[in-house]
2 protein chains.
Amino acid sequence: MRNRPIPEATVARLPIYLRALLEVAEGRGELTVSSEELAAMAGVNAAKVRKDLSYLGSYGTRGVGYDVEYLLYQITRELGLTQDWPAAIIGIGNLGRALASYKGFSERGFRISALFDVDEEVLGEQIGGLPIRHLDELKEAVVEEGISIGIIATPPMAAQEVAEKLVDAGVKSILNFAPSVVNVPPDVSVRKVDLSIELQILSFYQQRTQAIATAREANRRLAVQRKV
Amino acid sequence: MRNRPIPEATVARLPIYLRALLEVAEGRGELTVSSEELAAMAGVNAAKVRKDLSYLGSYGTRGVGYDVEYLLYQITRELGLTQDWPAAIIGIGNLGRALASYKGFSERGFRISALFDVDEEVLGEQIGGLPIRHLDELKEAVVEEGISIGIIATPPMAAQEVAEKLVDAGVKSILNFAPSVVNVPPDVSVRKVDLSIELQILSFYQQRTQAIATAREANRRLAVQRKV
DNA sequence: CGAAGTTTGTGATTGCGCTCACAAGCTTTA
DNA sequence: TAAAGCTTGTGAGCGCAATCACAAACTTCG
């Protein structure tokens, strides 16, 4: 199993296990944890946990479970979190500001190290000790400060252009909050977070259950009518 | 194909097609659009677009394409976006505030209609005309204002409790921004947006390509050494 | 009107991921 | 030391989603 490439679906779950393990480690100092417990904390089933972890290697002990500290280290290493990856935020509007001061990033070891915008109004303003710089300085900053992740929080129209500037500057990882599709070369990873798409998906399922409820209601009325 | 249930993966893409269609409709007034064009705009391949749309019904015309307005209407209807689904945000910190004033929601037809927190400091404060109310008023507000979507933007520890209060109040759709797993009854939909998990996933792939580059480098050195 | 060109809709195929189920290997108990 | 109990690691089977490939149905052109 080792040496086989780690499936994408598994990669996406590793951070969840990591969080669960941190919780175990910080709680009443249990030294080991079973796949069953991890599964409950991560909201998945135990077999999936075991299979996922088996891609990293055989880090568990049968009859015992997984050594919490050891597994923590292995996942951290596998995710590349032993190094730090400085990130830049481009587009310092509402969302960009919230991201700039979002504590979740620093808690998980990600450091926001530069902010960019093009609006004269906000240039020079400081957020959490970081000045907002002009987008034209992007390439320079990426090289000098070793920025490896670009976070796009611009309006949708600007997203593709910003993505291209990031790629041109050598950034290989992009997190896109703008509600638009960005195209990049195959050696660049893009992940997309689209807030209103999530609501639209919820709307679909909500509407569906509502439609079912309405249909049931209609049936009930018909049934009553027939009896009368 | 019609009447068969729409696959989850398709549902998740419908909002993307919707956005693309809106762009076409607002642009130079083209009346029809081909699966090829839609695919390019949505960043997927044409066959997938056609299969996805075929679940909604046969709304295209061979040799011509899809009628933009008609398809727009059908997707809107299928997603349940002809009705409005008032949403509440719980947890008005950095992120909650940004979400409260995020224009993307209103642009896509979602209305934030109530804000909740428990911090005395912020209660009563207004954001975009809405007062921040105490969480204890949640149930009451849900019933009175017909709130159908709950957006959790609290610290992780509070998320499960808030989710339970939402469920208790009758909310069936939850969007969770807190970095924690929430458990809800099977008739409630939860979608999760975890910002730092996205960065961790990017980190994995970044580290991987970096590791490959380093290995290549090492090989090159060895090759040179052998020659010498 | 017929042929060539477009574009959809969908059966067939392939691939990926999830779940099951159980042997292997550890601990505990007697 | 042997038996019972627990938990991992993984092959096998299954189902969903993606892709392929082509007939069907339309438009355009000569």
Side-chain angles (χ1 to χ4, degrees), chain A residues 1-17 20-21 24 30-72 74-75 78 186 201 204-205, chain B residues 1-17 20-21 24 30-72 74-75 78 186 201 204-205:
Chain A
M1 208 81 174
R2 192 71 255 265
N3 294 332
R4 268 185 264 184
I6 303 181
E8 270 186 59
T10 296
V11 171
R13 278 187 297 268
L14 289 180
I16 304 180
Y17 301 145
L21 283 167
V24 174
E30 305 214 24
L31 297 178
T32 65
V33 64
S34 70
S35 60
E36 203 80 45
E37 293 173 87
L38 264 183
M41 299 179 78
V44 299
N45 70 40
K48 204 186 273 181
V49 171
R50 290 200 298 276
K51 185 143 264 190
D52 283 342
L53 295 182
S54 75
Y55 288 109
L56 310 184
S58 287
Y59 294 149
T61 309
R62 294 164 197 233
V64 180
Y66 299 90
D67 182 289
V68 175
E69 288 299 331
Y70 188 57
L71 190 55
L72 257 175
Q74 291 299 342
I75 294 182
E78 197 71 49
I201 296 171
F204 173 85
Y205 291 106
Chain B
M1 210 78 175
R2 194 72 254 267
N3 293 332
R4 267 185 264 184
I6 303 180
E8 270 185 59
T10 296
V11 172
R13 279 187 297 269
L14 289 180
I16 305 179
Y17 301 145
L21 283 167
V24 173
E30 305 216 24
L31 297 178
T32 64
V33 64
S34 69
S35 59
E36 203 80 47
E37 294 172 87
L38 264 183
M41 299 179 79
V44 299
N45 71 39
K48 203 185 274 180
V49 170
R50 290 198 299 276
K51 184 144 263 190
D52 283 342
L53 296 182
S54 75
Y55 287 110
L56 310 185
S58 288
Y59 295 148
T61 308
R62 294 164 195 232
V64 179
Y66 299 89
D67 181 290
V68 175
E69 289 298 331
Y70 187 57
L71 190 55
L72 256 174
Q74 291 300 340
I75 294 182
E78 197 72 49
I201 296 171
F204 173 85
Y205 292 106

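Every chain is numbered from 1, with letters handed out A, B, ... down the list of sequences.
- One interatomic measurement links the two molecules: CG of A:Leu56 to C1' of D:dG9, which rounds to 13 Å at whole-angstrom precision.
- Taking every side-chain heavy atom of B:Ser54 into account, C:dG9 is the closest of C:dT8, D:dA18, C:dG9.
- If you take OH of A:Tyr66 and P of D:dT7, they are 12 Å apart, rounded to a whole angstrom.
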Can you name the atoms? Protein N/O to nucleotides 28-30 of chain C N/O, anything below 3.5 Å, with the distance.
none

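- For A:Glu8, the side-chain contact (heavy atoms from CB on, under 4.5 Å) partners are B:Tyr205, not counting sequence neighbours.
- In this structure the side chain of A:Leu38 never reaches within 4.5 angstrom of the side chain of A:Val44, judged on heavy atoms.
- The environment of CD in B:Glu30 is crowded: more than 12 heavy-atom neighbours from other residues, nucleotides or ligands sit within 6.0 Å.
- Summarising the geometry, the separation between CG on A:Asp52 and P on C:dC18 is reported as 7 Å, rounded to the nearest angstrom.
- Note: CD1 (A:Ile6) to P (C:dC18) measures 14 Å, nearest angstrom.
- In this structure, B:Lys48 does not reach the D:dA17 phosphate: none of its side-chain N or O atoms is under 4.0 Å from OP1 or OP2.
- Between B:Tyr59 atom OH and C:dT10 atom C1' the separation is 17 Å, expressed in whole Å.
- The side-chain contact (heavy atoms from CB on, under 4.5 Å) test applied to B:Ala47 returns B:Asn45, B:Arg50, not counting sequence neighbours.
- With C:dG17, D:dG9, C:dT8 as the choices, the nucleotide that has an atom nearest any side-chain atom of B:Ser35 turns out to be C:dT8.
- For B:Leu53 and D:dA18, the CG to P distance is 14 Å, given to the nearest whole Å.
- Nearest to the side chain of B:Pro7, among D:dA17, D:dG11, D:dT10, sits D:dA17.
- Across the interface with DNA chain C, nearest-nucleotide mapping of A:Thr10 and B:Gly65 shows B:Gly65 to be the residue nearer the 5′ end.
- Nucleic acid contact for A:Glu8: sugar-phosphate only, since backbone atoms but no base atoms lie under 4.0 Å from a heavy atom of the residue.
- Rounded to whole Å, the distance from CZ on B:Arg4 to C1' on C:dG9 is 11 Å.
- Applying the side chain to side chain donor-acceptor pair (under 3.5 Å) test to B:Gln74 and every residue at least two apart in sequence or in another chain returns B:Tyr59, B:Tyr70, B:Arg77.
- Counting heavy atoms from C-beta on, the side chains of B:Thr61 and B:Thr32 never come closer than 4.5 Å.
- For A:Leu71 and D:dT8, the CG to P distance is 11 Å, given to the nearest whole Å.
- What you find for A:Ile6 and A:Tyr55 is that their closest heavy atoms are CG1-CB, 4.3 Å.
- Every residue two or more places apart in sequence or in another chain that forms a side-chain contact (heavy atoms from CB on, under 4.5 Å) with A:Glu69 is listed here: A:Ala25, A:Asp67, A:Leu72.
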### Task
Quick one, give me the B/S/- string for nucleotides 20-27 of chain D, reading 5' to 3', where B means a protein heavy atom under 4.0 Å from the base and S means that only happens at the primed atoms, P, OP1 or OP2.
-B-BBBBS
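- In this structure, B:Ile201 and A:Ala12 approach most closely via the heavy-atom pair CD1-CA, 3.8 Å.
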